Amino acid sequence: MLRTLSFAAATAVAATLMASSAGAEIVLRSSDTHPDGYPTVEAVKHMGQLLEERTDGRIKIDVYHSAQLGEEKDTIEQTRAGVIDLNRVSMGPFNGLVPETRVVSLPYIFRSTDHMRAVMDGEIGEEILAAFEPHGLVGLAYYDSGARSFYNSNKEIGSLEDLQGMKFRVMQSDIFVDMVNALGANATPMPYGEVYSAIETGIIDGAENNFPSYESAKHSEVAKFYSLDEHLIVPEVLVMAKSSWDRLSPEDQQLVRQAAKDSVARQREMWEARERESRSMVEAAGSKITTPDKQPFIDAMAPVYEKHVTDPKLQDLVQRIQAVR
Ligand code: GTR
């Protein structure tokens with residue numbers, strides 16, 4: 001019973017079962033869109049192992065990978081409602097809900113993964129984690145997601161000109177729609193799980209993502225042309241339902257937060273290895289990777305910044321991010 005209910009929903013049941021159950025008292029249900037073995041899935045499993053060890057098996061995490069609990073947008077709502085306890089998601093789908101997530105979803109805001117890590121590991125990252133709380137969520141940790149680039153089923157993209165008029169799927173956020181439009185292409189927001197068949201049937205020409213997603217979601221089978229423009233370095237985030245969090249004792253909250261933080265280094269290690277592996281896998285399977293000149297892509301993003309960074313608080317965050325060395 002405990003295994004299928006969220007901690008929030010199971011608490012009432014747990015209260016009666018606890019006395020007789022020799023197993024975990026608290027089982028946290030965690031969602032991820034990626035398949036088993038993907039670095040984010042394995043990182044949350046690792047966090048669960050740490051928690052089990054540190055609580056003598058009293059707190060456990062069950063990871064529901066492969067979008068078993070739904071597409072990201074829906075799982076975010078379910079997490080806010082306390083139906084799902086933990087959720088590992090991209091920052092992108094939070095853009096409509098948590099304004100602070102918008103700054104780290106801007107194209108080319110981070111110069112490199114090292115820059116992203118320096119920002120997210122520091123005080124700006126902590127501020128953004130805290131910004132989830134008024135929205136029914138507790139931000140726990142960030143994971144790496146490399147850089148996202150465009151891929152498509154039609155042709156090589158050697159320059160910005162080649163993108164003109166093409167149709168790309170983006171995550172469900174207005175920033176990404178405007179980003180693609182500013183490049184002269186057309187954006188179609190849609191859930192991740194629909195992208196493969198949308199490319200296959202020609203509803204869209206392609207999408208944009210990092211190598212591990214491109215490979216593991218098998219988009220590489222239907223979109224062979226990958227263009228390394230690296231327009232987005234957008235971190236992943238692990239959030240917890242505020243209602244599940246509030247049911248934990250302060251000591252357990254501390255344990256959960258620490259285990260989440262401690263899983264980050266493991267995720268990054270796995271991420272770096274997986275990026276390399278995925279890239280060689282898709283290349284071996286016939287994907288053609290091109291490297292366009294990025295500068296015209298970067299220059300084309302000015303209107304996106306003008307439109308989306310109007311709030312003084314977000315303007316300040318952008319400046320502080322750019323100032324991080
Ligand atoms: C992946 C990310 C997922 C999801 C997906 C998407 O890189 O890890 O959380 O956001 O992209 O494009 O929907």
Side-chain angles (χ1 to χ4, degrees), residues 6-11 26 28-33 40 44 47 61 69-106 109-110 116 119-143 145 171-178 189 234-261 263-264 305 307-321 324:
S6 72
F7 170 47
T11 307
I26 297 170
L28 302 171
R29 285 208 316 170
S30 189
S31 174
D32 199 309
T33 199
T40 52
V44 178
M47 170 185 168
I61 298 178
L69 303 181
E71 295 286 352
E72 287 194 345
K73 269 275 205 192
D74 301 328
T75 61
I76 289 174
E77 284 320 306
Q78 291 185 53
T79 311
R80 294 180 71 203
V83 179
I84 295 173
D85 303 302
L86 289 168
N87 203 350
R88 194 296 309 162
V89 223
S90 168
M91 289 293 242
F94 285 110
N95 289 172
L97 183 70
V98 185
E100 289 80 351
T101 64
R102 300 175 72 81
V103 291
V104 296
S105 306
L106 287 165
I109 183 81
F110 296 116
M116 184 276 286
V119 170
M120 303 319 277
D121 291 348
E123 62 173 31
I124 299 174
E126 287 305 316
E127 270 171 56
I128 300 175
L129 283 181
F132 283 91
E133 199 132 346
H135 306 283
L137 298 164
V138 176
L140 294 177
Y142 300 111
Y143 293 139
S145 192
M171 284 190 275
Q172 290 140 296
S173 156
D174 54 347
I175 295 183
F176 305 142
V177 171
D178 289 334
V234 52
E236 317 273 24
V237 64
L238 179 68
V239 294
M240 184 160 178
K242 177 83 166 65
S243 52
S244 304
W245 178 259
D246 288 343
R247 279 165 217 257
L248 296 176
S249 67
E251 294 75 27
D252 285 350
Q253 288 177 348
Q254 185 46 36
L255 285 166
V256 168
R257 204 183 274 289
Q258 193 56 48
K261 296 260 185 238
S263 69
V264 172
Y305 278 66
K307 177 170 170 191
H308 292 282
V309 194
T310 49
D311 182 301
K313 194 171 163 198
L314 300 193
Q315 280 171 348
D316 175 59
L317 270 172
V318 166
Q319 276 167 15
R320 285 166 59 208
I321 290 174
V324 173

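What you see is a predicted model, and the numbers here were worked out from it, not measured in a lab. Counting from 1, the numbers follow the sequence of the chain as shown.
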Between [atom1] on residue [X] and [atom2] on residue [Y], distance to nearest 0.5 Å:
X      : Y      : atom1 : atom2 : result
Leu86  : Asp32  : CG    : CG    : 11.0 Å
Ile61  : Leu28  : CD1   : CG    : 5.5 Å
Ile26  : Ser249 : CD1   : OG    : 7.0 Å
His308 : Ile175 : NE2   : CD1   : 5.5 Å

Electrostatic pair Asp85-Arg247, nearest N-O below 4.0 angstrom:
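Answer for the salt bridge query: no.
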Min side-chain heavy-atom separation [X]-[Y] under 4.5 Å:
X      : Y      : result
Ile109 : Tyr305 : yes
Asp174 : Lys307 : no
Gln172 : Glu71  : no
Val83  : Glu77  : no
Ile128 : Ile124 : yes

What is the minimum heavy-atom distance between [X] and [Y], and which atoms define it?
X      : Y      : value
Ser105 : Thr101 : OG-O, 2.8 Å
Phe110 : Met116 : CD2-CA, 3.5 Å
Leu69  : Ser31  : CD1-CB, 3.8 Å
Ile76  : Asn87  : N-ND2, 3.6 Å
Asn95  : Arg102 : O-NH1, 3.1 Å
Ala141 : Ala260 : CB-O, 3.9 Å

Test Arg80 against Leu97 for side-chain contact (heavy atoms from CB on, under 4.5 Å), laying out the working first.
CA-CA 11 Å; Arg80 294 180 71 203; Leu97 183 70; 3.3 Å; yes
Evaluate Phe94 against Val104 for side-chain contact (heavy atoms from CB on, under 4.5 Å), listing each step before the verdict.
CA-CA 11 Å; Phe94 285 110; Val104 296; over 6 Å; no
### Message
Let's go through Thr33 and Glu72 carefully: what are the C-alpha distance in whole Å and the side-chain angles of both, what is the deciding distance for side-chain hydrogen bond (donor to acceptor under 3.5 Å, both in side chains) to 0.1 Å, and is it a yes or a no?
### Response
CA-CA 7 Å; Thr33 199; Glu72 287 194 345; 4.9 Å; no
Practice task
Any chance you could lay out the side-chain contact (heavy atoms from CB on, under 4.5 Å) test for Lys73 and Met171, step after step, and finish with the verdict?
Solution key: CA-CA 10 Å; Lys73 269 275 205 192; Met171 284 190 275; over 6 Å; no
- Kindly state each residue pair satisfying side chain to side chain donor-acceptor pair (under 3.5 Å) with at least one member in residues 127-136, sequence neighbours excluded.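 Pairs touching residues 127-136 that pass the test: Glu127-Arg320.
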Could you go through Leu248 and Met240, starting from their C-alpha distance and side-chain angles, then the distance that decides it, and tell me whether this counts as side-chain contact (heavy atoms from CB on, under 4.5 Å)?
CA-CA 12 Å; Leu248 296 176; Met240 184 160 178; 3.8 Å; yes
Exercise for the section: Using the test side-chain contact (heavy atoms from CB on, under 4.5 Å), find all partners of Glu126 that sit at least two apart in sequence or belong to another chain. Expected result: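 Per chain and number, Glu126 pairs via side-chain contact (heavy atoms from CB on, under 4.5 Å) with Leu129, Lys261.
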